[in-house]
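A, B, ... follow the sequence lines: proteins, then strands. Residue 1 opens every chain. This one's a predicted model, so the numbers in the text were calculated from it and none came from an experiment.
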2 protein chains.
Amino acid sequence: MLAFVNGPTIGKVTAETTPPTTEPQPREPAAVEPAAAERPRKRQARGERRIAQLLDAAGHVFAESGYAATTTNAIAARAGVSPGSLYQYFPNKDAIAAALAEFYADSLDELLAPFAVVDPAAVTLEEALRVSLGPIVRFHRENPACLALFIGGNAPGHVMDLQAPLMARTHARIAALLALYAPDLPPTRLETGAAVTLAAYKGVLPLLVEADEDQVPALTRELGNLLLGYFGRLLQP
Amino acid sequence: MLAFVNGPTIGKVTAETTPPTTEPQPREPAAVEPAAAERPRKRQARGERRIAQLLDAAGHVFAESGYAATTTNAIAARAGVSPGSLYQYFPNKDAIAAALAEFYADSLDELLAPFAVVDPAAVTLEEALRVSLGPIVRFHRENPACLALFIGGNAPGHVMDLQAPLMARTHARIAALLALYAPDLPPTRLETGAAVTLAAYKGVLPLLVEADEDQVPALTRELGNLLLGYFGRLLQP
DNA sequence: GGAGATTACGAGTGATTGCTCGCATTCGTC
DNA sequence: GACGAATGCGAGCAATCACTCGTAATCTCC
């Protein structure tokens with residue numbers, strides 16, 4: 001189900017999601033192995049599998065109930081594991097959501113990357129959208145917890161730490177794309193336009209995630225139409 | 001602040017928001033009293049004022065923290081009232097949200113009503129939107145808890161009971177409007193189009209609620225552009 | 001096969017929170 | 001002013017839930 005259960009991402013899942021308590025020291029070294037504090041904690045294959053099970057279960061439960069209503073015991077039960085085992089791999093509930101969110105943010109960055117290298121002379125906006133929207137939609141349908149954590153506003157601190165920059169990057173990407181295809185647009189309007197585009201896009205995604213499979217192509221096309229229609233209006237009057 | 005603190009709506013606030021648990025069988029006839037159950041419970045002016053205070057406070061706290069993270073004690077404290085007093089007027093936390101939601105749903109129904117009587121021969125879609133969007137935006141900015149309860153997905157049962165029909169009515173209104181201005185649109189596409197329109201609209205509203213006051217006119221105009229651009233695309237190809 | 005680490009368990013703990021209860025105060029009405 | 005009803009209080013109850021701890025099974029590597 002969850003595509004990421006096997007992958008290099010998993011390795012650093014528990015690396016340093018710990019501190020809800022602030023750490024006065026250099027607050028960066030997620031995977032850096034800073035000085036001497038963190039023992040590498042050799043993980044057995046069984047442990048890696050458990051982490052994957054737990055994250056997969058968490059994805060399902062978060063998607064069904066949202067972050068706040070999800071209990072750690074429910075995640076453990078769904079993964080077929082005792083609560084104590086869950087806390088062997090994650091320091092707290094936040095860390096579970098943060099591990100998922102990190103994977104989601106990385107995946108979305110990758111899925112949105114194509115927009116950065118579009119050549120307006122060779123490719124129309126319509127073509128670029130038609131190509132890129134499909135995979136994005138598929139990703140969200142395969143990982144519904146992504147919307148549950150990122151869109152459903154009141155996420156915990158560590159998730160917001162990932163979501164806010166992701167949104168900022170996406171906004172910047174849209175703004176850059178707009179600037180490329182509409183060089184004459186005043187900067188103020190470009191910013192506003194990017195914000196509205198992003199908001200509308202985020203609004204329609206839940207529709208696509210909840211829809212029946214056979215409606216997805218039509219809905220994806222309509223999402224493209226929505227964005228293209230707005231872009232058209234941004235250029236003309 | 002909250003416009004509804006004085007109004008006829010308040011009267012039935014506590015009328016029957018009680019049962020979260022479904023009662024299929026006459027499980028315990030102790031409290032049955034079927035016909036003559038409801039004593040009118042004469043309310044003093046002081047009580048009405050307290051209800052208004054409590055709902056106003058609840059609106060603020062819900063908007064700030066969302067439903068789940070809001071504690072009844074926080075609402076009571078913000079209203080300058082003890083927890084016990086709160087529970088004199090509302091049977092439980094759900095009922096507070098439901099009372100707010102009922103007012104919100106009624107208000108939105110009223111604000112969306114103009115779309116039902118539009119004459120496509122006399123008024124363009126653009127004009128209709130320009131006129132109606134302003135008040136809707138203003139309402140949401142004055143009542144941010146409306147979005148917090150209705151958009152932020154995981155609301156309690158009684159709120160959903162009001163939200164789902166409201167969304168259905170809004171969807172139907174959009175579909176009717178589309179059918180009016182685009183009589184040739186196939187029914188399937190019309191439904192999809194209405195759903196996408198509603199989703200995009202819901203997506204952009206939070207942007208308008210959080211924006212600075214001076215950006216509101218421009219953003220409102222862009223929301224109109226978004227919808228009009230999509231409508232244009234629905235008609236042409 | 002044995003030492004040491006990792007994995008697994010699940011009842012229990014402490015904090016939070018929705019909500020209650022007994023009692024005091026104020027209001028409306030005569 | 002007196003009586004009942006409505007209002008008001010806030011300590012405390014009961015349930016939930018994130019998280020811990022002591023202990024036992026299982027793995028890795030020699």
Notebook entry, point to check: Looking at C/dT6, D/dG8, D/dC9, which one has an atom nearest to any side-chain atom of B/V81?
Noted result: D/dC9

Item checked: Minimum-distance nucleotide (side-chain atoms of B/R43 versus D/dT7, C/dC19, D/dC19) -> D/dT7

Indicate yes or no: at least one non-hydrogen side-chain atom of [X] is less than 4.5 angstrom from one of [Y].
X      : Y      : result
B/N143 : B/S107 : no
A/Y104 : A/L162 : no
B/L205 : B/F150 : no
B/L129 : B/F115 : yes
A/D56  : A/R78  : no

Rounded to whole Å, how long is the line connecting atom [atom1] of [X] with atom [atom2] of [N]?
X     : N      : atom1 : atom2 : value
A/N92 : D/dC17 : CG    : P     : 17 Å
A/Y89 : D/dA18 : OH    : C1'   : 19 Å
A/I96 : D/dC17 : CD1   : C1'   : 13 Å
B/K93 : C/dT20 : NZ    : P     : 15 Å
A/L86 : D/dC21 : CG    : C1'   : 16 Å
B/Q88 : C/dG22 : CD    : P     : 15 Å

Under 3.5 Å, which N/O atoms of the protein pair with N/O atoms of nucleotides 24-30 of chain C?
none

Next item on the list: Please check if the side chain of B/R141 supplies one atom and the backbone of B/L208 the other of a donor-acceptor pair under 3.5 Å.
Entry: yes

Notebook entry, point to check: Are the side chain of A/D212 and the backbone of A/D214 linked by a donor-acceptor contact shorter than 3.5 Å?
Noted result: no

Strictly under 3.5 Å: I want the nitrogen or oxygen pairs between protein and nucleotides 10-16 of chain D, one per line.
unit_1 : atom_1 : unit_2 : atom_2 : d
D/dG10 : N7     : B/S82  : OG     : 3.4

Margin query: Can you work out whether A/R50 or B/A68 has the more 5'-proximal nearest nucleotide on DNA chain C?
Written below: A/R50

Notebook entry, point to check: Hey, is the side chain of A/Y87 poking within less than 4.0 Å of OP1 or OP2 on D/dT20, counting only N and O atoms?
Noted result: no

Note to self: My understanding is that only residues two or more places apart in sequence, or in another chain, count here; which of them pass ring-ring contact (aromatic ring centres under 6.0 Å, His included) with A/Y230?
What the structure shows: none

Check: Under 3.5 Å, is there a donor-acceptor pair linking the side chains of A/H171 and A/E191?
Finding: yes

